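One structure is given below, encoded as structure tokens.
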Amino acid sequence: MKDEMTLAALREQINELRRLNANGEIDLSSEILLLEEKLRRLTAASYAKLADWDRVKLSRHPQRPYALDYIPEIFGNFYELHGDRIYGDDRAMIVGLAKLKQRTVMIVAQQKGRTPEEKKERFFGMSRPQGYRKALRVMKLAERFSFPVITLIDTPGAYPGIESEELNISGAIANNLQEMSQLKVPTIAIVIGEGGSGGALAIGVADRIMMLENATYSVISPEGCAAILWRDNGMISEAARALGLTASRLKELGLIDEIIPESLGGAHTDLQETAANLKEVLIRHLSYLSSLSNDELLKERYARYRFIGRYRILPKE
Amino acid sequence: MSLKDRDYFNVKLERQDDESLWLKCKACSELIFKKRVRENNNICPKCGEYFFLTARERIESLIDDKSFTDISKSIIADDPLNFIDSKPYLKRIEEAQANTELADALILGSATINGKGVIIAAMEFRFVGGSMGSVMGEQICHGMEEALRLNRPFILISSSGGARMQEGVFSLFQMAKTSAVRAKLSENKILFISIMTYPTTGGVAASIASLGDVIIAEKGALIGFAGRRVIQNTTGEELPDDFQTDAFALSHGSVDRVVSRENLRDELSKLLSFFLEAE
């Protein structure tokens, strides 16, 4: 992005002035303050006008914080659990117990991997059937002990491979959708990066659905959509716009509950600030959801899903 | 809405007069008298190839003669995203409506199978690839609620490429919506039979179609989550010959049975008799 280069140059300039200032020969602090204010303003403006496709790229940014970056910032004592008890342990799906303000919660999160080796081990964040079954196993465990479930969504999609089909990935996803709709504990789903279609939804049926400011959530990737509907890879940006996949658009459409602000320039610029925002939102919603009886909770959740959809009703004759 | 639109919600199964008398089998290239194909369950009498079934033909092939009543809600697609690809979404819908004489990609009705009352729904692949958007999601849920209200089994015949892209996350969330309502059938001991045909893929496979109490694959079905090309491009894996076929689904435990088209109706009737008290 052109803006990114301008901003980088400005940052460089500020650092240069700081160095001169530190020498103590001249006082540059007012100049520095001015430039910092300009940087803040330009950054905000630049990110506010991002095209949807740029937003997708930001949600996939190589430096973007992943679930394992947020978890220690938000929760105490994360204690990972492994395996679906049937077939294997999917490293693209991490689950475990943790504390949020002294309260035990169950975390279910997708993890992409940072280094080439880790990316391979975690299938680039694409979960397989054993991952979805592991997620469901611990959600049922949480239900037995009345622990709220918090899911962090960040996946390009479910892993498309022979093994996935052999292990009935469709059935695994479908089963999670049905079971999560009935889970008798408060559930919160947050899209922290990429919300890739059914592979994201399979841990995304919840009492609250929220998104980080630069996260995306889509029925299909812009690349896939451009290939199918336009048969043209040049239309990816247009497809991204058409799909309405940004947090702000999905909030407007009433499909998500809240947008969680990121640090200026994207979550990767300040993990602590973004994590603090996440934590505040989690505590606030969990406190409300925990005040509901199981009946009320399930009724509200059912109503939410039962009435999702937009269609035209033809008037009676 | 024109009067014609209303007819879409009063689907009659009687076939319109076809202009052509002959069909060509795509497998053996034989020209066959159309009536003979129809009488043979839309299976080629020469080579056994299955002809493509419309949703109307599908339902008609499974239920008792003249037992069908359309119970769908009078709803049609909206365009919440103002989606335009090669053409505007609502234009695409209107064309599909004109081609299929259906309101959307699903027929829903009550009917009897060997005298047993059921709620039955079939997807129409010719309607935007049988894709599930808000209308199909709502009709399926309505069908399940009617099954619940009338204490009748619910039968869904899938023929779909998956979620309807043009409605974005609204479509994606229909997967969750149908699955949530499906859970109510379990709670209330209402039988749900899912029949997967060619093709049952993507978001439909990964939601309602995979949640049957009993899942039947029609012989020749294509069943899978991701498309062959996507899998090959992502993994570079060589796909086995039987990949995502009915036999593949059966041998990997994803479906209960594979049934040939001419036996589907009898199998359904037999299956229903295990679950329904004799009247």
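In this text the structure is predicted, and so the values were computed from the model without any measurement. Residue numbers begin at 1 in each chain, while the letters A, B, ... track the order of the sequences.
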Most chain B-contacting option - heavy-atom pairs closer than 4.5 Å, from [options]:
options	result
A:Leu250, A:Leu253, A:Asp232	A:Leu253
A:Tyr305, A:Phe124, A:Phe307, A:Tyr302	A:Tyr302
A:Ile228, A:Leu167, A:Leu245, A:Ile162	A:Ile162
A:Leu229, A:Leu177, A:Ile313	A:Leu229
A:Gly244, A:Ala158, A:Gly161	A:Gly161
A:Asn176, A:Asn175, A:Leu201	A:Leu201

With a 6.0 Å cut-off (strictly less than), is the heavy-atom count around [atom1] of [X], excluding the residue itself, greater than 12?
X	atom1	value
A:Lys119	NZ	yes
A:Lys251	NZ	no
B:Asn188	CG	yes

To the nearest 0.5 Å, what is the distance between [atom1] ([X]) and [atom2] ([Y])?
X	Y	atom1	atom2	value
B:Met165	A:Ser197	CE	OG	10.5 Å
B:Ser210	A:Asn168	OG	CG	5.5 Å
A:Glu166	B:Phe243	CD	CZ	7.5 Å
B:Ile76	A:Leu314	CD1	CG	4.5 Å
B:Asn233	A:Glu223	CG	CD	12.5 Å
B:Gln244	A:Ser170	CD	OG	8.5 Å

> Between B:Arg228 and A:Glu165, is there a salt bridge with N-O shorter than 4.0 Å?
Replying inline: no
Which atoms form the tightest heavy-atom contact between [X] and [Y], and what is the distance?
X	Y	answer
A:Pro160	B:Thr234	CG-OG1, 3.6 Å
A:Arg310	B:Pro80	NH1-CB, 3.8 Å
B:Asp85	A:Trp230	CA-CZ2, 3.4 Å
B:Ser134	A:Tyr311	O-CD2, 4.0 Å
A:Gln178	B:Ser186	NE2-OG, 3.7 Å
A:Gly309	B:Gln174	CA-NE2, 3.6 Å

>> I'd like to check A:Arg312 versus B:Leu90 (side-chain heavy atoms, cut-off strictly below 4.5 Å). Are they in contact?
In response: yes
Between [options], the one whose heavy-atom pairs under 4.5 Å with chain A are most numerous:
options	answer
B:Gly202, B:Ser179, B:Ala206	B:Ala206
B:Leu81, B:Ile208, B:Thr201, B:Asp79	B:Leu81
B:Gly227, B:Pro240, B:Ser207	B:Ser207

>> Can a donor-acceptor pair be found, under 3.5 Å and without considering hydrogens, that links the side chain of A:Gln182 to the backbone of B:Ala180?
In response: no
Which atoms of [X] approach chain B - backbone, side chain, both or neither, heavy atom under 4.5 Å:
X	result
A:Ile308	both
A:Met126	side chain
A:Arg231	neither
A:Ser218	backbone
A:Leu298	neither

>> Please determine whether side-chain contact (heavy atoms from CB on, under 4.5 Å) holds for the pair A:Ile209 and B:Phe173, giving the CA-CA distance in whole Å, both sets of side-chain angles, and the decisive distance to 0.1 Å.
In response: CA-CA 12 Å; A:Ile209 312 165; B:Phe173 283 5; 4.0 Å; yes
Is [X] close to chain A through its backbone or its side chain, or both, or neither, when contacts mean heavy atoms under 4.5 Å?
X	value
B:Gln232	neither
B:Glu238	backbone
B:Ile215	neither

> Where do A:Arg306 and B:Glu138 land on the side-chain contact (heavy atoms from CB on, under 4.5 Å) test, with the steps shown first?
Replying inline: CA-CA 8 Å; A:Arg306 177 63 188 87; B:Glu138 179 62 25; 2.9 Å; yes
>> Walk me through whether A:Val219 and B:Val169 qualify under side-chain contact (heavy atoms from CB on, under 4.5 Å).
In response: CA-CA 5 Å; A:Val219 66; B:Val169 174; 5.5 Å; no
> Are A:Tyr159 and B:Phe225 an aromatic pair by the rule of ring centers under 6.0 Å?
Replying inline: no
